There are 2 protein chains.
Amino acid sequence: MHLEADVLVSALQSAGMRVTTARRAICEVIATSHAEHLTAADIQARAETLAGGSIDPSTVYRTLDVFQSLGYLHHVHLGHGAGVVHLTDETDHHHLACESCGQTLDVPLDEFQPLFDRLARTYGFVVDRAHFAVVGRCRACEQTENSP
Amino acid sequence: MHLEADVLVSALQSAGMRVTTARRAICEVIATSHAEHLTAADIQARAETLAGGSIDPSTVYRTLDVFQSLGYLHHVHLGHGAGVVHLTDETDHHHLACESCGQTLDVPLDEFQPLFDRLARTYGFVVDRAHFAVVGRCRACEQTENSP
DNA sequence: GTCAATGCAAACTTTTTGCAACTCC
DNA sequence: GGAGTTGCAAAAAGTTTGCATTGAC
């Protein structure tokens with residue numbers, strides 16, 4: 001189930017691309033990020049630690065683009081601010097993004113499937129599941145707000 | 001049903017705020033924008049035409065902020081790029097945003113309400129309906145893509 | 001006459017791009 | 001050695017902010 005960094009590295013090689021220190025570190029970071037939603041800046045920071053040197057933001061973005069092209073990543077917007085990346089692998093859930101505390105809640109796909117099916121049938125609209133995030137307020141923030 | 005620009009102007013006055021040429025023009029624009037999804041730049045352009053002079057982007061943003069604070073507007077992100085504003089008034093529908101052609105489809109709230117109710121019951125998550133947009137591909141783009 | 005609102009310029013965040021230097025295969 | 005990658009710097013888009021001037025009430 002878990003995606004190993006090796007798989008990503010091999011994917012680069014199979015595509016005729018080169019494996020550099022920066023890319024190896026980024027592979028490691030995204031392979032071990034399963035349930036997390038990392039921004040490019042997050043990935044840069046972790047990859048720099050792993051690589052033991054600095055990595056330019058543009059390198060991070062370019063590498064993430066590569067993995068999106070190869071189909072391993074999608075990027076998602078959970079509200080304002082930076083986008084996050086997400087393993088394509090893990091598409092069995094969706095995100096509820098709290099606009100107050102920034103946390104995200106993962107919800108099984110089953111909850112959404114009836115709606116998505118209906119939208120496809122009625123409007124011919126195919127939802128991009130990976131790109132989809134529902135913005136609102138989580139239970140904790142909702143309670144805090146209503147009992148000051 | 002239609003929100004008149006006068007209502008917005010009065011709201012400013014009731015809140016102890018001043019009515020300027022720029023604000024009057026912006027009121028006019030958003031009051032007559034019903035089904036449209038306007039960016040700050042769109043609003044600036046139209047307001048400048050109405051006002052017959054230039055209006056600074058910062059003035060537009062500040063004025064839109066005022067109306068969001070007063071509860072008349074929400075801003076929505078329909079994918080990448082600039083956000084759009086939306087009359088709070090018209091919350092009886094939701095947006096399907098095509099990531100390919102950029103068009104948006106309005107869908108009655110009824111389609112979504114069962115899901116929203118379920119999310120609230122199960123997770124305590126209250127969906128910000130105005131901020132919510134579903135990203136995907138519309139019928140036309142989906143067909144174009146699949147028959148080249 | 002005050003104080004809020006404006007315009008301007010500058011900063012800001014996130015992301016993209018051009019290009020010379022580098023290094024992986 | 002040659003093509004793919006990198007870093008740097010600069011640019012892009014969208015938005016926010018500081019501050020002096022203007023203008024509404």
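It should be emphasised that the depicted structure is a prediction, and the values quoted were computed from it without experimental measurement. Chain letters run A, B, ... following the sequence lines, proteins first, then strands; residues in each count from 1.
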Give a yes or no on whether the ring-centroid distance for A/His94 and A/Phe116 is below 6.0 angstrom. yes
Using ring centroids (six-membered ring only for Trp), state whether A/His74 and A/Phe67 fall under 6.0 Å. no
Side chain to side chain contact (heavy atoms under 4.5 Å, CB included) assessment of A/Val107 paired with B/Leu119 | CA-CA 9 Å; A/Val107 173; B/Leu119 294 178; 4.3 Å; yes
Contact check, residues 39-50 of chain B vs DNA chain C, heavy-atom distance under 4.0 Å, returns none
Outer limits of DNA chain C sitting under 4.0 Å from a non-hydrogen atom of chain B, read 5' to 3', are C/dC3 to C/dC8
A/Ala45 meets the side chain to side chain contact (heavy atoms under 4.5 Å, CB included) criterion, sequence neighbours left out, with none
| message | At 4.0 Å (heavy atoms only), tell me whether A/Gly16 reaches a base, stays on the sugar-phosphate, or touches nothing. | response | nothing
B/Thr63 side-chain N/O to B/Thr59 backbone N/O, donor-acceptor pair under 3.5 Å
yes
Given 3.5 Å as the limit, does a donor-acceptor pair link the side chain of A/Thr88 with the main chain of A/Leu73, or not?
yes
Hey, can you pull the donor-acceptor pairs under 3.5 Å for the side chains in residues 8-26 of chain A, sequence neighbours left out?
unit_1, atom_1, unit_2, atom_2, d
A/Ser10, OG, A/Asp6, O, 2.9
A/Ser14, OG, A/Ser10, O, 2.9
A/Thr20, OG1, A/Arg23, N, 3.2
A/Arg23, NH1, A/Arg18, O, 2.9

Those residues at least two apart in sequence (or on a different chain) that pass side-chain hydrogen bond (donor to acceptor under 3.5 Å, both in side chains) with A/Thr104 are A/His37
Applied to residues 104-115 of chain A, the salt bridge (Lys or Arg N to Asp or Glu O under 4.0 Å) test, sequence neighbours excluded, yields A/Glu111-B/Arg118
Quick note, salt bridge (Lys or Arg N to Asp or Glu O under 4.0 Å) partners involving residues 45-71 of chain B, not counting sequence neighbours, are B/Glu36-B/Arg46
In B/S/- notation (B base, S sugar-phosphate only, - none; protein heavy atoms under 4.0 Å), nucleotides 16-25 of chain D written 5' to 3' is BBB----BBS
